[in-house]
2 protein chains.
Amino acid sequence: MTTATLEREAQSRLAAYGVRFTRGRRAVVLALAEAQGPRTVAELAEVLGPSVPVSSLYRTLTVLEESGVVVPHYGTRGLTRYELAEWATGHHHHLVCIECGTVDDLEIPEGLEQRVEAVVEELADDQGFEPAGHSLEIEGRCRSCH
Amino acid sequence: MTTATLEREAQSRLAAYGVRFTRGRRAVVLALAEAQGPRTVAELAEVLGPSVPVSSLYRTLTVLEESGVVVPHYGTRGLTRYELAEWATGHHHHLVCIECGTVDDLEIPEGLEQRVEAVVEELADDQGFEPAGHSLEIEGRCRSCH
DNA sequence: CTCAATAACGATACTCATTCTCATTCAGTA
DNA sequence: TACTGAATGAGAATGAGTATCGTTATTGAG
Ligand SMILES: [Mn+2]
Ligand SMILES: [Mn+2]
Ligand SMILES: [Zn+2]
Ligand SMILES: [Zn+2]
């Protein structure tokens, strides 16, 4: 997805939610587009510098989440991470380092993906659970933490 | 697994880690054994009552985690949950309610489990990642939150 | 273009889950 | 029983995340 398309889509979702696509919001969306996995507020603050103060960063991420532009990820100790929603990234999974906490994106083979989805539908139904998505994460030690 | 076996195993792991299996630690292990999914400190405190003060509960869970008796679960906003490790529960997955945050245990068919494991090994290897486990979670709305 | 009206921003105070500290109590051993 | 390190528990400290509120930027009517 090109940057222009990404911006247009984000713009449109924010508009549908009834808010503007401001400079700060654009900066956060673009920073997340550069990332190879979900990012913490601290990591984003590092990349963005003082142009987006931390209090604004938190508020921006909340707005982006509520408008469906980003999704939160809670897979690592004590820290919430954010990434662009699946309309932007495509469906994918994660490698989570249990040592340093970094999270990287990961694609899995289409065949497995389809079987996972089938099982998700079936099991969820059995339990009176209304499925909205699934996450498959591989936990272990990343290259740097071996 | 019987309560007696569970206690013996927990005992042994704590001993290997060099600490005692005290009354408070036993109470926490048994409370987790009763649960149908990972539990927050607040939920455990509710069940355990004042016999295990919150500051002790946190410390106890840290010790149990370090000795391999319990594992943390970070799948819901802002709260860490704990459950008995897989040697006690068997390998399983979770249903996570995106509305109320409750998490329930879930078994998946053996066939899928094996395929997931095969893919985990293969993909992790490709990425120079040393896999230690995986988690497959179904997100959606639970019966009470439909 | 000017001027309200409204949205967004940013510094700061606050909340609350979790961790730390330290004085006290407990358990194992001689 | 007395000694000693482990464990406990009350409360203080920490820090990620949220709420507040005065200021600034954007919008659109006139
Ligand atoms: Mn991702
Ligand atoms: Mn579980
Ligand atoms: Zn790592
Ligand atoms: Zn629910």
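Here is the naming used below: chain letters follow the sequence lines, and residue numbers restart at 1 for every chain. Note that this is a predicted model, so its numbers are computed, not measured.
- When all heavy atoms are compared, the tightest approach of A/L61 to A/V70 is O-CG2, 4.0 Å.
- For DNA chain C, the contact window with chain A, defined by any atom under 4.0 Å from a protein heavy atom, covers C/dA7 to C/dT12 in 5' to 3' order.
- Here the side chain of B/Q36 pairs a donor or acceptor atom with the backbone of B/E34 at under 3.5 angstrom.
- Not counting sequence neighbours, the partners of B/E7 by the salt bridge (Lys or Arg N to Asp or Glu O under 4.0 Å) test are B/R26.
- Residues passing the side chain to side chain donor-acceptor pair (under 3.5 Å) test with A/T2, sequence neighbours excluded: A/T5.
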Considering only distance and modelled atom types, tabulate donor-acceptor pairs under 3.5 Å from the side chains of residues 96-108 of chain B, sequence neighbours left out.
unit_1 : atom_1 : unit_2 : atom_2 : d
B/E99  : OE1    : B/R141 : NH1    : 2.5
B/D105 : OD1    : B/H92  : NE2    : 3.1
B/D105 : OD1    : B/H94  : NE2    : 3.3

>> I'd like to compare against my own output: the B/S/- annotation of nucleotides 3-11 of chain D with a strict under-4.0 Å heavy-atom distance to protein.
In response: --BSSBBBB
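- Taking every heavy atom of both residues into account, A/L84 and A/T89 meet most closely at O-CG2, 3.5 Å.
- For the pair A/Y58 OH and D/dG17 P, the computed distance is 4 Å after rounding to whole Å.
- Near DNA chain C, meaning a heavy atom under 4.0 Å away, there are no residues from residues 61-69 of chain B.
- Every residue two or more places apart in sequence or in another chain that forms a side chain to side chain donor-acceptor pair (under 3.5 Å) with B/R13 is listed here: B/E9.
- The heavy-atom pair separating B/W87 from B/G68 by the smallest distance is NE1-O, 2.9 Å.
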Quick one: side chains of residues 110-119 of chain B, donor-acceptor pairs under 3.5 Å with protein atoms, not counting sequence neighbours, listed by atom name and distance.
unit_1 : atom_1 : unit_2 : atom_2 : d
B/E110 : OE2    : B/Q114 : NE2    : 3.1
B/E113 : OE1    : B/H91  : NE2    : 3.3
B/E113 : OE1    : B/H93  : NE2    : 2.9
B/E113 : OE2    : B/H91  : NE2    : 2.8
B/E113 : OE2    : B/H134 : NE2    : 3.1

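- Connectivity analysis of hydrophobic side chains (ILVMFWY, heavy atoms under 4.5 Å, direct or indirect) links B/Y74 to nothing; its cluster partners are none.
- Within residues 71-81 of chain A, the residues that place at least one heavy atom under 4.0 Å from DNA chain D are, in residue-number order, A/G78, A/L79, A/T80.
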Distance-only criterion, 3.5 Å: show the donor-acceptor pairs between side-chain atoms of residues 122-129 of chain A and protein atoms not counting sequence neighbours.
none

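- Here side-chain hydrogen bond (donor to acceptor under 3.5 Å, both in side chains) pairs that include residues 47-65 of chain A, with residues two or more places apart or in two chains, are A/E65-B/R77.
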